[in-house]
Amino acid sequence: MPAPRTLLDKIWDDHLVCSPDGEQPLIYIDRHLVHEVTSAQAFEGLRVAGRRVRRPEATFATPDHNIPTTDRSLPIADPISKQQIDTLRANCREFGIRLFDLGDADQGIVHVIGPELGITQPGMTIVCGDSHTATHGALGALAFGIGTSEVEHVLAAQTLRQSKPKSFEVRVEGELYPGVTAKDLVLYIIGRLTTEGGAGYVIEYTGPCIRRLGMEERMTVCNMSIEAGARAGMIAPDRITFDYLRGRDLVPKDFDRAVARWETLPSDAGARYDRSQTFSGGDVVPQVTWGTNPAQVVGVDASVPDPASMTDPSDRSSAARALEYMGLKAGTPIAAIPIDRVFIGSCTNSRIEDLRAAAGVVRGHQVASRVRAMVVPGSGRVKRQAEAEGLDRVFTAAGFEWREAGCSMCLGMNPDTLAPGERCASTSNRNFEGRQGKGGRTHLVSPAMAAAAAVTGHFTDIRQWRYH
Amino acid sequence: MQPFTTLTGNVAPLDRANVDTDQIIPKQFLKRIERTGFGQFLFFDWRFLPDGSPDPAFELNQPIRQGASILLARRNFGCGSSREHAPWALADYGFRSVIAPTFADIFFNNCFQNGMVPVKLDESDVEELFRRAAAAEAAGQAYRLTVDLQSCLVHDDGGFSRSFPVDSFRRHCLLEGLDNIDLSLKHVDQITAWENAHGLAPLQGGAT
C-alpha cells in the first residue's frame with residue numbers, strides 16, 4: 001500500500017515536472033495571477049530576452065493595488081500610477097493575457113476575483129507576485145506569493161524552481177463563540193506562532209472548527225498565513241468548497257467529474273506532517289493588534305501589554321519600539337483606545353459575508369462624530385451584490401464612505417491613506433509601521449469589530465453589541 | 001545576473017528584528033516600472049526626517065556606515081510583502097549581502113534572483129557580529145567582513161569564521177551568474193510532457 005499522503009504531498013507530486021540532479025525541482029504552475037505593481041519589470045524582462053508567455057490562458061490580470069477607489073469615470077490623477085496601469089494594459093495586450101480592467105464588471109482584488117470567477121480550483125498550483133496569494137489555499141490549492149523575477153520565470157516557462165516546503169498541521173478543535181470570527185481565529189493563531197513561526201512551512205488548517213467555517217471565512221484564515229511567516233496556507237476541499245464553486249464562470253464544464261477528482265485530495269488518514277500544533281476555537285475572543293506586526297495582538301478584553309514583562313530581549317525591544325510608534329501606554333485597556341479612522345476592505349476581509357457582518361453591526365447606528373469610516377468592496381461583483389442587498393445604503397446612512405473595488409488603504413498606494421498619527425481600526429492584514437500611510441497607526445480587527453469601533457469611536461467588544 | 005563569488009566589505013549593523021519589506025521600500029515607491037533606481041528610497045521612512053533631511057539617529061545614516069556592502073540584522077528579516085523592490089533597493093544602495101539569524105521565505109528567494117547572498121547564522125553568532133561591529137566602530141573603524149560563497153564562509157580578520165548554509169543549486173547559479181529562465185527552459189521537453197500528460201491543449205504557436 002502506498003504511504004498515506006497529505007494534501008500538500010498530493011498536489012506537489014502531481015505538479016513535479018522534473019527534479020534534475022543537482023538542481024532545485026521544477027513544478028508546474030496551473031494559474032498565475034498578475035497585477036500592476038509587481039509585473040511590469042517581468043514583462044520587460046521577457047521583451048529584452050525575446051521570450052513569449054508560454055501559456056497565456058493560464059494567466060489572469062487585474063489592476064488592484066494602485067488604483068483610485070473613487071469615481072472610475074474620472075482619469076487617474078497621479079501620472080506615475082496611471083503609467084503603471086497603462087503598462088499593465090499594454091503588456092496584457094502584447095502577450096495575450098486576459099485582463100479584468102478598470103471599468104470591467106469583474107475587476108477587483110486578485111485574491112477576491114480568483115475564487116469568485118472560479119479561476120482558483122482545488123488541487124491547483126497558483127502563484128502571484130503578492131504575498132497574500134495564500135488566500136487561494138482555502139479552496140484546497142497550493143498557492144503562494146513570488147517575486148517579480150519568479151513572475152517572469154512563470155510567464156516564460158509556466159513552471160517554478162521550488163524546494164518542497166515542510167508541512168505544518170494547525171488543527172483547531174471545538175468551535176468559535178458567537179461574535180468571534182475567522183479573522184479573530186487567525187490573528188489568535190499568529191499571535192501564538194509569532195510572525196516567523198511558520199517560516200519554511202505550508203500550513204494545512206484542519207479540525208472541526210476549520211471544517212465549520214464557510215468558504216469566505218476559510219479565505220480569511222489562509223490569507224493571513226504569510227503573517228505567521230508560512231509560505232502558504234491550505235484547507236482540504238469538501239462539500240462547502242464544491243458548493244461554493246459550482247456554477248462559477250471558469251470552473252470545469254464537467255463539474256461533477258472535477259468534484260470526483262477533488263474528493264481524492266484531502267490528506268489521507270495517518271499522513272505525517274513535519275510539525276503539528278493544536279488550538280481550541282473556544283479559547284478565542286475578538287482580537288485587536290496593539291503593535292506593529294500582526295503577532296502583537298491581544299483580546300479586546302485585555303490591555304496593552306508591558307514590554308518589561310517580556311522575557312525575550314528581542315520581543316521586549318520590538319514591543320517598546322511598537323508602543324512608541326503606536327502612541328500607546330502599557331496597561332491601557334484595549335477598549336479605552338479611541339480611533340480616528342475605520343477601513344473595511346482588503347483581500348482579507350472585503351467579501352460579501354464580511355460586508356454583511358459589518359452592515360449588521362452598523363444598521364440603525366451612526367459613525368461617531370470624530371471618526372472617518374470607509375468600506376471598499378473587494379470586487380465589482382461584491383459591490384453589486386452588496387448594493388442589491390441594500391448594504392451600501394446601510395453604510396452610507398450611518399456615515400460610511402462607499403467606494404469602488406481595490407486594495408485601497410490596506411497598503412495605501414493609492415490616495416486612500418492615513419495621516420501621521422491617525423489611528424485606524426482596519427480589517428486588513430498588516431499593521432506595519434507606515435503601512436497605511438507614514439506615521440499612521442493600524443489596529444487589525446474583524447469586520448464586525450471595525451464596524452462597532454466606527455460607531456462608538458473606540459474598540460468595543462462585539463460580543464456585547466446591541467444589534468438593531 | 002551579476003555573479004557573486006567573494007565579497008569583502010564594511011558592515012552596517014541594523015539592530016532590529018522583523019524588518020519588513022514595507023520598511024525596506026515603502027509603497028509610495030512601488031509605482032515605478034523599472035528595476036533600477038530604488039536605492040535612494042531604501043528605508044525611506046526611517047532614513048529621512050519629515051523635511052527630507054537624513055535622520056541622524058537612523059543606524060544607516062551614521063558616517064562610519066557609509067559605503068557598507070554587508071547589512072547585519074536581526075531575525076525574520078524581509079518579512080511581509082513579496083515585493084522584489086526590497087532586494088532591488090538594497091542592491092542599488094550598495095548591499096550585496098544580508099546577514100541575519102532568519103529570513104522571511106519570499107525575501108530570501110528574491111535575494112538569489114538579484115546577485116545578493118542572504119547569510120543565515122545562529123543567533124549567538126549574529127550577536128557576536130553585533131558585538132564586534134560595535135567594538136570596531138567604538139574604535140573609530142568600520143567593521144569589515146568577508147562573505148565567501150565559494151567556501152560558504154563568513155569571516156573577519158579577528159578570528160571569527162563561520163560556515164553558512166546555502167542550497168547547492170542556488171550557490172552554483174550565483175557563482176556563475178546564470179539566467180534561471182534559460183536553465184529551466186533546458187527542460188522544456190519535460191514541461192511539454194507534463195502538459196500533455198495532464199490533458200492541456202498544445203501550445204498555440206507556442207513559446208519555447
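By convention in this document, chain letters (A, B, ...) are assigned in the order of the sequence lines, proteins followed by strands, and residues within each chain are numbered from 1.
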* **Donor-acceptor pair between Asp130(A) and Ser82(B) side chains, under 3.5 angstrom** => no
* Asked: So do Arg51(A) and Leu185(B) actually touch side chain to side chain, heavy atoms under 4.5 Å?
  -> yes
* **Pair Glu84(B)-Ser149(A), side chain to side chain donor-acceptor pair (under 3.5 Å): steps then yes or no** => CA-CA 8 Å; Glu84(B) 198 163 319; Ser149(A) 297; 2.4 Å; yes
* Asked: Tell me, do Glu433(A) and Asp22(B) make a side-chain contact under 4.5 Å, heavy atoms counted?
  -> no
* Quick one: closest heavy-atom pair of Leu16(A) and Trp194(B), and the distance? => O-CD1, 3.8 Å
* For chain A, which residues from residues 42-50 of chain B have at least one heavy atom closer than 4.5 Å to it? -> Asp45(B), Trp46(B), Phe48(B)
* With a 4.5 angstrom heavy-atom cut-off, which part of Thr159(A) approaches chain B: side chain, backbone, both or neither? -> side chain
* Asked: For the atom pair OG (Ser314(A)) and CD (Glu127(B)), what is the distance rounded to the nearest 0.5 Å?
  -> 10.0 Å
* Taking atom SG of Cys173(B) and atom CD of Gln24(A), what is their separation to the nearest 0.5 Å? -> 8.0 Å
* Asked: For chain B, which residues from residues 76-87 of chain A have at least one heavy atom closer than 4.5 Å to it?
  -> Asp78(A), Ile80(A), Ser81(A), Gln83(A), Gln84(A), Thr87(A)
* Given that the side chain runs from C-beta out, which part of Leu160(A) has a heavy atom under 4.5 Å from chain B: side chain, backbone, both or neither? -> neither
* Structure fact -> Applying a strict 4.5 Å limit to non-hydrogen atoms, the region of Arg161(A) in contact with chain B is side chain
* **Engaged part of Glu44(A) at the chain B interface, taking heavy atoms whose separation is under 4.5 Å** => neither
* Asked: Where on His172(B) is there a heavy atom nearer than 4.5 Å to chain A: the side chain, the backbone, both, or neither?
  -> neither
* chain A contact via Glu34(B) - side chain, backbone, both or neither, heavy atoms under 4.5 Å -> backbone
* Tell me, side chain or backbone of His15(A) under 4.5 Å from chain B's heavy atoms, or both, or neither? -> both
* **Region of Arg430(A) that comes under 4.5 Å of a non-hydrogen atom in chain B** => side chain
* To do: Counting only heavy atoms closer than 4.5 Å, note whether Pro20(A) contacts chain B via side chain, backbone, both or neither.
  => side chain
* Asked: What is the minimum heavy-atom distance between Ser318(A) and Asn18(B), and which atoms define it?
  -> OG-ND2, 4.4 Å
* To do: Using a 4.5 Å cut-off on heavy atoms from C-beta on, say whether the side chain of Glu23(A) contacts that of Lys186(B).
  => no
* Closest-packed option against chain B by number of heavy-atom pairs under 4.5 Å, given Pro165(A), Gly22(A), Ser39(A) -> Gly22(A)
* How long is the gap from CG on Asn76(B) to OG1 on Thr194(A), to the nearest 0.5 Å? -> 7.0 Å
* Note, Phe144(A) side chain near Asp105(B) side chain (heavy atom, < 4.5 Å) -> no
* Structure fact -> If you tally heavy-atom pairs under 4.5 Å between each of Ala17(B), Cys79(B), Gly80(B), Ala86(B) and chain A, the highest tally belongs to Gly80(B)
* Below 4.5 Å from any heavy atom of chain B, which atoms of Tyr28(A) appear? Answer side chain, backbone, both or neither. => side chain
* Asked: Side chains of Glu36(A) and Ile33(B): closer than 4.5 Å at any heavy-atom pair?
  -> no
* Asked: Which heavy-atom pair separates Arg75(B) from Asp312(A) by the least distance, and what is that distance?
  -> NH1-OD2, 3.5 Å
* Measure the shortest side-chain to side-chain distance between Ile226(A) and Ile106(B) over non-hydrogen atoms and say whether it is less than 4.5 angstrom. => yes
* Heavy-atom closest contact (Thr38(A) atom, His85(B) atom, distance) -> CG2-CE1, 4.4 Å
* Structure fact -> Heavy atoms of Ile181(B) and Ala156(A) approach each other most closely as CG2-CB, 3.8 Å
* Polar side-chain atom of Lys27(B) near backbone of Met413(A) as donor-acceptor pair, under 3.5 Å -> no
* Side chain, backbone, both or neither: which part of Thr192(B) has a heavy atom under 4.5 Å from chain A? -> both
* side chain to side chain donor-acceptor pair (under 3.5 Å) evaluation trace for His198(B) with Asp30(A) -> CA-CA 11 Å; His198(B) 287 76; Asp30(A) 294 314; over 6 Å; no
* To do: Working to the nearest 0.5 Å, report the span between CG of Leu26(A) and OG of Ser184(B).
  => 4.5 Å
* Do Gln41(A) and Arg32(B) touch side chain to side chain, with heavy atoms closer than 4.5 Å? -> no
* Given a strict heavy-atom distance threshold of 4.5 Å, which part of Arg170(B) is in contact with chain A: side chain, backbone, both, or neither? -> side chain
* Asked: Do Arg54(A) and Ile191(B) have side chains that get closer than 4.5 Å, going by heavy atoms?
  -> yes
* Asked: Is chain A contacted by the side chain of Asp167(B), its backbone, both, or neither, given a heavy-atom distance below 4.5 Å?
  -> side chain
* Heavy-atom distances under 4.5 Å only: say whether Arg35(B) touches chain A with side chain, backbone, both or neither. => both
* Asked: Of all of Gly200(A), Gly439(A), Gly96(A), Gly45(A), which one pairs up most often with chain B through heavy atoms under 4.5 Å apart?
  -> Gly200(A)
* Structure fact -> Taking every heavy atom of Gln23(B) against every heavy atom of Phe432(A), the minimum-distance pair comes out as NE2-CB, 4.0 Å
* Residue Asp182(B) versus chain A: region with a heavy atom under 4.5 Å -> both
* To do: Decide if atom CG of Asp51(B) counts as having more than 12 heavy atoms of other residues, nucleotides or ligands within a radius under 6.0 Å.
  => yes
